[in-house]
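Heads up: the structure comes next, in structure tokens.
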Amino acid sequence: MQERYNPLEIEKAWQERWSSSQPWKVSEDHDKPKYYLLEMFPYPSGRIHMGHVRNYSIGDVVARFKRLQGFNVLHPMGWDAFGMPAENAAIQHGTHPAVWTRENIANMRTQLKRMGFSYDWDRELATCDADYYRWEQLIFLKMLEKGLAYKKSAAVNWCPECETVLANEQVEEECCWRCDNKVVQKELDQWFFKITHYAEELLDETDRMPGWPESVLTMQRNWIGRSTGCEIDFSVYGSKQKIRVFTTRPDTLFGATFMSLAPEHPLAKSLTTSDHLREVEAFVSKVQSVDHAQRTSDDYEKEGVFTGSYCINPVNGAKIPVYLGNFVLMGYGTGAVMAVPAHDQRDFEFARKYELPVQVVIQPEGETLEAASMTEAWVGQGRMVNSGVFDGLDNETGKIKVTEFLENRGAGESSINYRIRDWLVSRQRYWGTPIPVIYCDDCGAVPVPEQDLPVELPTDIEFSGAGGSPLAGLESFVNTHCPKCGKAARRETDTFDTFVESSWYFMRYASPKFNLAPVDREAVNYWLPVDQYIGGVEHAVMHLLYARFWTKIMRDLGMVSLDEPFENLLTQGMVCMETKSCPKHGWLYPEEIDNGLCSRCQNTVVSGRNEKMSKSKKNVIDPDGLINRFGADTARLFTLFASPPEKDLEWNEQGVEGCSRFLNRVWRLVYENLPIIKDADQVNVEQLLPAARELRRQVHRTIKKVTEDIDGSFHFNTAIAAVMELVNSISAFPDKQSAPEVMREAVESVVRLLSPFVPHIAEELWQNLGYDDSLEHSRWLVWDENALSAETLLIVVQVNGKVRGKVTVPADADKGAIEAAALADANVARFTEGKNVRKVIVVPGRLVNVVIG
RNA sequence: GCGGGUGUGGUGGAACUGGUAGACACGCUAGAUUUAGGAUCUAGUGCCGAGAGGCGUGGGGGUUCGAGUCCCUUCACCCGCACCA
């Protein structure tokens, strides 16, 4: 055995071995319990970053651990390979997106292998392969048939920078999720997936997903945004037209004193009387000139204009004026709101501004509201008043009764409204899955026949960077014939949102080479659902909601029998580092700093906040550099040890060195003790001296702790800490020579317990301990309950809740004996002397509290 | 505004069903060894105090023999949604 730990050398050797033996290649095996462990696949940007290192290190621990526990573990890896950066690279450097992507994949695959992650590389897939996206196109065709995919013209989010439309989920604070530029609204004809059809199921299911973090479920619930209420028809005075409103407060219907319509409401024009025409037109154009961001901002002043028309309240026949309101959104509910100023704050402000009547119809418990003196709306509970036959009802009952009343008269019906909109999936970009549709002047939009799939993305394409999809200018792609009538026709040139590919890749992994259908049912039945999914919380709504939706689509198309794709979800925290900047040169990379000075101008470097690692702020650590200095095992160990997975991880150079030191210590532990333990036998439990017995106790306690910390909770940091403690104890163990068997068990346990975290060094040490077979083929350690129990226990003695002494008692001592020992302690006696002992609380195995007074 | 989360030493973080707060690691201090070390080893390290002891888990209050943990209240920061009718 070598004296020095040489991580680079041993890691290379083990990786070569793994590369040829493919130890993690799996197939369906019905004799073993399956375990599907998945980490979110990366976009092939070219190089892995610390976020990947963390994500995949966490996953790899679980994969290796589950394998050692006897599970048949599916642990695949692949590439989310379509997307904008490839196109930008093409425009900037003239490299074809396909070439750029392939090169990046090759690089990143090498990097992942250098980290020692245990993937079944045989199942590797890239979403830009026609063998992958052809199945997506097929599913799309089936969705078209069922009406789950459709095209419509709508006001959509347009990112001028990316020159494409975006789904609602992909707009963050009015900015593009990818490039962070302002998004504008545009009326465009686009493809949608009917996710709203599944809103109910997607929402209800969240109550039955105990394996997901509550925060993610909450975000999804908020995003889906169900509100229950009813829709009510108000007929227009002197006309046959009706205005339909949605409200969650039918109990306040008697308090409606006016109506507010969105400026874009289809009836807005026809309801405007000639004498109000000028004001209304001025108002509408003013609202339209304001962008969406401003219009929905907090301090945007509520304004409106009277149309000149009136409508009739269906419950009391009241004639109320119809206004247009700048705060009413056409995109939610029906675009029309019955205004109840006494019980809605917006309506209240509007009413006060335009001097419209306020009618109280809900009286709160214990006070009496007067419309004239109110300073804000009462939005809470109460009893109904001024509401005809409903007077006296509590308002919650009133909601039901009023709705029933309306239903009986055909003036309304109960209704559920969702905030979520259908998923806009078409993108005006090249590097994506072509949408398999052909436009014919006579037949309209015609689906590409199944036998003509895949519609392959052409590669002979020019990237001018001039804007618009390059596909649209490629005559050889665009010009085709109508599958129905054979006439000359044009292909759809939009491609799918790349979130479509990531919505089902986890199912394709079950049978990545299957060529008869998107997935092999049998394989999916065996492997799915994913037992543990791990990734960043930034996908809480987008990817995770789309993937749930798509799973239900495939289920309803009869392709899989699965309701939910991910049994357990772990959202890992971000990897953060302090930003550094120079007053002259701005943000600085760590390697641009010498002793706290900017290496270019010698100015003092200013430390900024701890923030998520990002290239733009240069607070990044390159994984390759880290591996070159310390080895992959140290990199893995640090990311796992520095904080629990769900929390943010603060990068710390010294912490990395500490982990490297620890692995060196483990290496020495084996090296130095090898002469003692080399020929040691099994432990003979009967003949152990107390110190050896104690060490062995700690060995088994550690096995138990590491097992439990990994298994349920992923508390790798405490698991590693426990092994560190064990290493410290073994080093300090005085009787090494006289207890070689215990030493061997202890040292071997350290190696085996560390193997899921730092597999290379563990395998190497294992071999040096004299084993020919890989640790991969061994079983995870099981602790011996008998070894855990101690002969004596340390009991803390408190006087009035303050620790005053500690006594050691036999493990089987009864309460009386413990109490006697406690009271006999000299320091305890100092505090109890001459005092009245009122009570003694004895918690066996823990403490004694003497209450004096 | 609504919803969710987090506050513990100089730092990252531990603490099972209420039962020794600060495991483990980093950093720091002193010493040993070394030509030197970003190597290794030993001892120490929450704060105040010479000590006995006192004080300590964002702040205030409560329940309890006993509270980081339970209850009430308040503050700060982070995340998501936000004129959603």
Side-chain angles (χ1 to χ4, degrees), chain A residues 4 172-173 213-223 225-227 229 245-249 252 260 262 295-302 325-329 331-340 343-347 349-350 417-420 537-538 540-541 574 610 629 637-638 641-644 646-662 664-665 668 705 708 715 717-728 731 794-806 827 830 838-853:
Chain A
R4 286 184 58 86
E172 297 165 349
E173 288 177 5
E214 200 52 41
S215 58
V216 174
L217 294 175
T218 304
M219 277 191 241
Q220 295 211 348
R221 286 180 195 128
N222 288 345
W223 188 263
R226 169 161 62 188
S227 49
V245 302
F246 171 75
T247 181
T248 55
R249 295 294 303 272
T252 64
S260 307
R295 203 174 149 190
T296 53
S297 84
D298 221 3
D299 45 356
Y300 186 50
E301 198 185 341
K302 287 163 194 54
N326 62 0
F327 60 94
V328 184
L329 307 172
Y332 187 79
T334 62
V337 187
M338 68 174 203
V340 184
H343 305 293
D344 181 283
Q345 188 57 26
R346 287 157 306 179
D347 296 343
E349 286 166 27
F350 197 90
N417 225 297
Y418 294 95
R419 206 188 74 102
I420 191 172
V537 73
E538 63 272 20
V541 172
M574 299 181 295
N610 225 324
R629 276 184 67 195
L637 190 66
F638 177 73
F641 177 64
S643 87
E646 65 276 11
K647 272 197 161 189
D648 285 353
L649 182 151
E650 192 186 313
W651 197 264
N652 175 301
E653 186 69 27
Q654 277 131 358
V656 179
E657 284 166 15
C659 286
S660 174
R661 278 205 292 273
F662 172 69
N664 272 290
R665 224 159 67 234
R668 277 203 312 278
K705 172 137 186 76
E708 291 173 351
H715 284 170
N717 56 333
T718 50
I720 294 164
V723 180
M724 287 175 170
E725 283 185 77
L726 179 58
V727 169
N728 293 343
S731 300
L794 185 70
I795 303 287
V796 170
V797 188
Q798 297 179 334
V799 178
N800 280 359
K802 293 200 164 88
V803 179
R804 299 299 184 191
K806 289 164 191 180
N827 201 47
R830 271 183 54 219
R838 280 170 37 200
K839 203 192 228 177
V840 178
I841 286 141
V842 179
V843 183
R846 287 244 173 238
L847 60 60
V848 176
N849 191 8
V850 184
V851 186
I852 60 173

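Order of the sequence lines sets the chain letters (A, B, ...), proteins ahead of strands, with each chain counted from 1.
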Check nucleotides 67-70 of chain B against the protein and report each pair of N or O atoms closer than 3.5 Å, with its distance, or say if there are none.
none

Atom pairs, N/O to N/O, protein against nucleotides 51-58 of chain B, distance under 3.5 Å?
from   : atom 1 : to        : atom 2 : distance (Å)
A52(B) : O2'    : Arg830(A) : NH2    : 3.4
G53(B) : OP1    : Arg830(A) : NH1    : 3.2
G54(B) : OP1    : Arg804(A) : NH2    : 2.9
G54(B) : OP2    : Arg804(A) : NH1    : 3.1

Any protein N or O atoms within reach of nucleotides 2-9 of chain B? Criterion: under 3.5 Å, listing atom names and distances.
none

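When the salt bridge (charged side-chain N to carboxylate O under 4.0 Å, His left out) test is applied to Arg221(A), the partners found at least two apart in sequence or on another chain are Asp207(A), Glu214(A). Partners of Glu653(A) according to the salt bridge (charged side-chain N to carboxylate O under 4.0 Å, His left out) rule, which considers only residues two or more places apart in sequence or in another chain, are Arg629(A).
Note: CD1 (Ile420(A)) to P (A82(B)) measures 12 Å, nearest angstrom. Note: CG (Leu329(A)) to C1' (C81(B)) measures 14 Å, nearest angstrom. If you measure from atom CG of Asp344(A) to atom C1' of C84(B), you get 11 Å, rounded to the nearest angstrom. Separating the CD1 atom of Ile841(A) from the C1' atom of G19(B) is a distance of 10 Å, rounded to the nearest angstrom. If you measure from atom CZ of Arg838(A) to atom C1' of G66(B), you get 13 Å, rounded to the nearest angstrom. Following rounding to the nearest Å, Phe327(A) (CZ) and A82(B) (P) show an atom-to-atom distance of 18 Å. Glu349(A) has its CD atom 14 Å from the P atom of C83(B), to the nearest Å. Residue Arg4(A) contributes atom CZ, which lies 8 Å from atom C1' of A39(B) at whole-angstrom precision.
Heavy atoms of Asn664(A) sit nowhere under 4.0 angstrom from any nucleic acid atom. Counting non-hydrogen atoms under 4.0 angstrom, Gln345(A) reaches nothing in the nucleic acid. Using a 4.0 Å heavy-atom distance criterion, Val843(A) is classed as a base contact.
For the atom pair Met338(A) CE and Asp347(A) CG, the distance stands at 9.0 Å (nearest 0.5 Å). Rounding to the nearest 0.5 Å gives a distance of 8.0 Å between CG of Asn326(A) and NZ of Lys302(A).
Side-chain atoms of Ser660(A) never come within 3.5 Å of backbone atoms of Val656(A) as a donor-acceptor pair (strictly under, hydrogens ignored). A donor-acceptor pair under 3.5 Å is formed between the side chain of Asp648(A) and the backbone N or O of Met574(A).
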Which letters describe nucleotides 23-35 of chain B, given B = protein heavy atom under 4.0 Å from base, S = only from sugar-phosphate, - = neither? BBSSS--------
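Here the closest non-hydrogen pair linking Lys705(A) and Ala722(A) is CG-CB, 4.0 Å. Across Ile795(A) and Leu847(A), no two heavy atoms sit closer than the pair CG2-CA, 3.7 Å. When all heavy atoms are compared, the tightest approach of Val842(A) to Pro844(A) is O-CD, 3.4 Å. For the pair Asn827(A) and Arg804(A), the tightest heavy-atom approach, listed with the atom from each and the gap, is ND2-O, 2.6 Å.
Side-chain contact between Asn849(A) and Lys839(A): absent, with no pair of heavy atoms (C-beta onward) separated by less than 4.5 Å. Val803(A) places none of its side-chain heavy atoms less than 4.5 Å from the side chain of Val797(A). Residues Phe641(A) and Phe662(A) are not in side-chain contact: their nearest non-hydrogen atoms beyond the backbone lie 4.5 Å or more apart.
Distance check on atom P: U45(B) versus G10(B) gives 15 Å, rounded to whole Å. For the C1' atom pair drawn from G7(B) and G54(B), the interatomic distance equals 26 Å after rounding to whole Å. With both ends at atom P, the span from U8(B) to C55(B) equals 22 Å, rounded to whole Å.
Residue Tyr332(A) has its side chain nearest to C84(B) when only A21(B), C84(B), C65(B) are considered. Considering only side-chain atoms of Arg419(A), the nucleotide from C65(B), A82(B), U20(B) that sits closest is A82(B).
Between G38(B) and Arg629(A), no contact under 4.0 Å exists linking OP1 or OP2 to a side-chain N or O. Here Arg668(A) reaches the OP1 or OP2 of C41(B): one of its side-chain N or O atoms lies under 4.0 Å away. Side-chain N/O atoms of Arg346(A) include one lying less than 4.0 angstrom from OP1 or OP2 on C84(B). Under 4.0 angstrom from either OP1 or OP2 of C83(B) there lies no side-chain N or O belonging to Lys302(A).
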side-chain contact (heavy atoms from CB on, under 4.5 Å) evaluation trace for Val337(A) with Phe327(A): CA-CA 10 Å; Val337(A) 187; Phe327(A) 60 94; 5.6 Å; no
Kindly determine whether Ile841(A) and Gln798(A) satisfy side-chain contact (heavy atoms from CB on, under 4.5 Å), including the steps that lead there. CA-CA 10 Å; Ile841(A) 286 141; Gln798(A) 297 179 334; over 6 Å; no
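With hydrogens and angles left out, the side chain of Arg226(A) and the base of C84(B) share no donor-acceptor pair within 3.5 Å.
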